[in-house]
2 protein chains.
Amino acid sequence: MSSVNINKARWEPRLVTRKKDTGTLSPRSAGTYHHGDLKAALVAAAGEMLEREGPESISFRAVARAAGVSPTAPYNHFPSKEDLLATLAGAGFRELENCQVATVAATQSGQERIVSLGLAYLRFAETHPQLYRLMFGAGVADWCAHPEVAEAKRASFRAIRDALAEQLSGVGDPAEEAVDTAAIAAWALAHGLSMLLIDGSLGAAKDDPSHGKSLIMRILTQFAAGLTPKPSTR
Amino acid sequence: MSSVNINKARWEPRLVTRKKDTGTLSPRSAGTYHHGDLKAALVAAAGEMLEREGPESISFRAVARAAGVSPTAPYNHFPSKEDLLATLAGAGFRELENCQVATVAATQSGQERIVSLGLAYLRFAETHPQLYRLMFGAGVADWCAHPEVAEAKRASFRAIRDALAEQLSGVGDPAEEAVDTAAIAAWALAHGLSMLLIDGSLGAAKDDPSHGKSLIMRILTQFAAGLTPKPSTR
DNA sequence: CGACGATATGAGCAGTGTCAACATTAACAA
DNA sequence: TTGTTAATGTTGACACTGCTCATATCGTCG
């Protein structure tokens, strides 16, 4: 009667012989007590849970459960839950940076490169919304205790700044200050748009994707055009 | 060592006769069992805790403790913790909207009004960083279950949109679409800058405030100037 | 006075992050 | 082989959380 009480086994030490496949990846591929490569498994499990339930509902115990180990096993690999999340966030920034440099490399310089860069940024945010939220502090209060995340973030910003610097160098001297202004403005614009899109603040725009896309395009194009004060004669 | 274990008294029903001062504010000013105006007290306590510890570390029980009532008393006024936070967020958006309309009213139309509006937005975010984070979903996953918050957010966006519409109407017909583009771009820019400032992503810029301020000014000015394609003759 | 509805309390459940003590294992030295 | 050691996993426990229930208290209105 009621209270079916699943998970009565509480934790249930798995006895299955998990050998995977002659350890191309898992260095030990142990039998039952030692997991071949926890840490990687934890990161993977946490990554899946992240996009499924969002950073604020991730629990250390739940990722341990998903990885098939006891609730405190993760403490052998991460000092705290926040460190696990920091690992995810850091990897997220590195992936974002890859998207950015790939986009820059794939388009020849000019206004459209800036637009492409912005589109790539937005696409990343829309593809991994919860990861993106985590990267910017959702459910964590502050990354300042995790320098690695801050560094990865800085690296991803540098990709924006470099692209902007080259773009601006087309019309005179780069002027450090002007580059900073443009780069931070670009980052803020992309970040703001991403956040507003993710949390549904731009609900109407997202409903019909074509309209939403064109709106994004207009904003990005306008921004890119604004970088060169007098683009054409006229 | 360590683990001093304060709060051993667990809850400690206060018997102090709290009469405040002949209820100018509290309608009942009760003696001991019934709090004169919980709900207001809870909101106030939560508001203080918010800025002190951030939205993710706020606990329902802790605000009850701060208000001097039992851990479950708040449930008579808020269906859940999220509803308390939603109340704070809604109030935050209304206050932000007030700042915006006040700023618009206090400056005559033109580019500098747009700049002032942006500055007011950023000042609000910098003054109540944790409130601002909460308003945009930090520690809550999603506001879509709380329409009141979404509505308050929309109202605050409308203030931006209206200002932009008037600004654009100075150079021809407003063209709905163009207004949307500009308004959303403005919001995204302000929101992105606010977030980046709050979470320390722009660490360097914030270190010396004068440099930071001028950077913000340059960004906002450039944006405002970009609204009118050909500001001067030249 | 008595009944009722609003409000506050208390115990309790399931779940959380974290820690200390213990068990198991692989690797290495004798 | 045997023994030691350091990784790695497990168990049990503590303090805390959000939330639900049954119960107690109070103001108010009949």
Side-chain angles (χ1 to χ4, degrees), chain A residues 2-15 18 23 26-42 46 49 53 55-65 67-85 139-141, chain B residues 1-15 17-18 23 26-42 46 49 53 55-65 67-85 139-141:
Chain A
S2 80
S3 169
V4 190
N5 208 346
I6 314 235
N7 75 350
K8 193 48 188 179
R10 291 193 22 181
W11 136 231
E12 191 99 34
R14 84 253 99 91
L15 293 180
R18 172 196 1 74
S26 71
R28 322 211 174 161
S29 75
T32 165
Y33 195 95
H34 279 78
H35 183 145
D37 184 3
L38 239 170
K39 183 148 193 174
L42 290 172
M49 275 179 67
E53 324 182 28
E56 35 270 310
S57 356
I58 256 186
S59 101
F60 221 30
R61 294 171 107 108
V63 331
R65 224 174 290 137
V69 296
S70 85
T72 60
Y75 282 93
N76 288 306
H77 303 271
F78 300 95
S80 80
K81 170 182 163 181
E82 234 183 48
D83 289 84
L84 209 205
L85 296 181
V140 171
Chain B
M1 202 73 62
S2 80
S3 171
V4 191
N5 206 345
I6 312 224
N7 74 353
K8 194 50 188 179
R10 291 193 26 180
W11 140 228
E12 191 98 31
R14 85 259 101 93
L15 295 179
T17 47
R18 171 196 2 75
S26 71
R28 316 202 184 174
S29 74
T32 164
Y33 193 97
H34 278 79
H35 184 146
D37 184 2
L38 238 170
K39 184 146 194 175
L42 291 171
M49 275 179 67
E53 324 183 29
E56 34 269 311
S57 1
I58 252 185
S59 100
F60 222 29
R61 293 170 108 108
V63 331
R65 225 174 289 137
V69 296
S70 84
T72 60
Y75 284 93
N76 288 303
H77 303 271
F78 299 95
S80 80
K81 169 183 165 179
E82 235 182 48
D83 288 85
L84 208 206
L85 296 180
V140 171

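Labels below follow one simple rule: chain letters A, B, ... track the order of the sequence lines, proteins then strands, and each chain is numbered from 1. Excluded from the calculations below are hydrogen atoms, water molecules and symmetry mates; all remaining heavy atoms, backbone and side chain alike, are included.
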Seminar exercise, completed: Applying side chain to side chain contact (heavy atoms under 4.5 Å, CB included) to B:A62 and not counting sequence neighbours gives B:M49, B:S59, B:R65
Problem set entry | Whole angstrom value for the distance that separates P of C:dT24 from CG of A:L38 | 18 Å
For this session: Give a yes or no on whether a donor-acceptor pair under 3.5 Å exists between the nucleobase atoms of C:dA8, that is its base, and the side chain of B:N76.
Result: yes
List, with names and distances, any nitrogen or oxygen atoms from the protein found under 3.5 Å away from nitrogen or oxygen atoms belonging to nucleotides 17-23 of chain C.
from, atom 1, to, atom 2, distance (Å)
C:dG17, OP1, A:F60, N, 2.7
C:dG17, OP1, A:K81, NZ, 3.4
C:dG17, OP2, A:F60, N, 3.1
C:dG17, OP2, A:R61, N, 3.1
C:dG17, N7, A:R61, NH1, 2.4
C:dG17, O6, A:R61, NH1, 2.9
C:dT18, OP2, A:Y75, OH, 2.9
C:dT18, OP2, A:K81, N, 3.0
C:dT18, O5', A:Y75, OH, 3.1
C:dT18, O4, A:R61, NH1, 3.3
C:dA23, N3, A:Y33, OH, 3.1

Problem set entry | Spacing between B:D37 atom CG and C:dT7 atom C1', to the nearest angstrom | 12 Å
Exercise. Can you list the residues that meet the side chain to side chain contact (heavy atoms under 4.5 Å, CB included) rule with A:T72, with sequence neighbours excluded?
Worked result: A:S70, A:Y75
Exercise. Which residues pass the ring pair (Phe, Tyr, Trp, His ring centres under 6.0 Å) test with B:F78, sequence neighbours left out?
Worked result: none
Exercise. Under 4.0 Å between a side-chain N/O of A:H77 and OP1 or OP2 of D:dA7, yes or no?
Worked result: no
Exercise. Are A:L38 and A:V69 close enough that some pair of their side-chain heavy atoms sits under 4.5 Å apart?
Worked result: yes
Problem set entry | Whole-Å gap separating C1' (C:dT9) and CZ (B:R65) | 16 Å
Exercise. What is the distance, rounded to the nearest whole Å, between atom CZ of A:F78 and atom P of D:dT8?
Worked result: 12 Å
For this session: Can you sort out the partners of A:S80 under side chain to side chain donor-acceptor pair (under 3.5 Å), two or more places apart, ordered by chain and number?
Result: A:D83
Problem set entry | salt bridge (charged side-chain N to carboxylate O under 4.0 Å, His left out) partners of B:E56, counting only residues at least two apart | B:R133
For this session: Let me know the distance between CD of B:E56 and C1' of D:dT17, rounded to the nearest Å.
Result: 15 Å
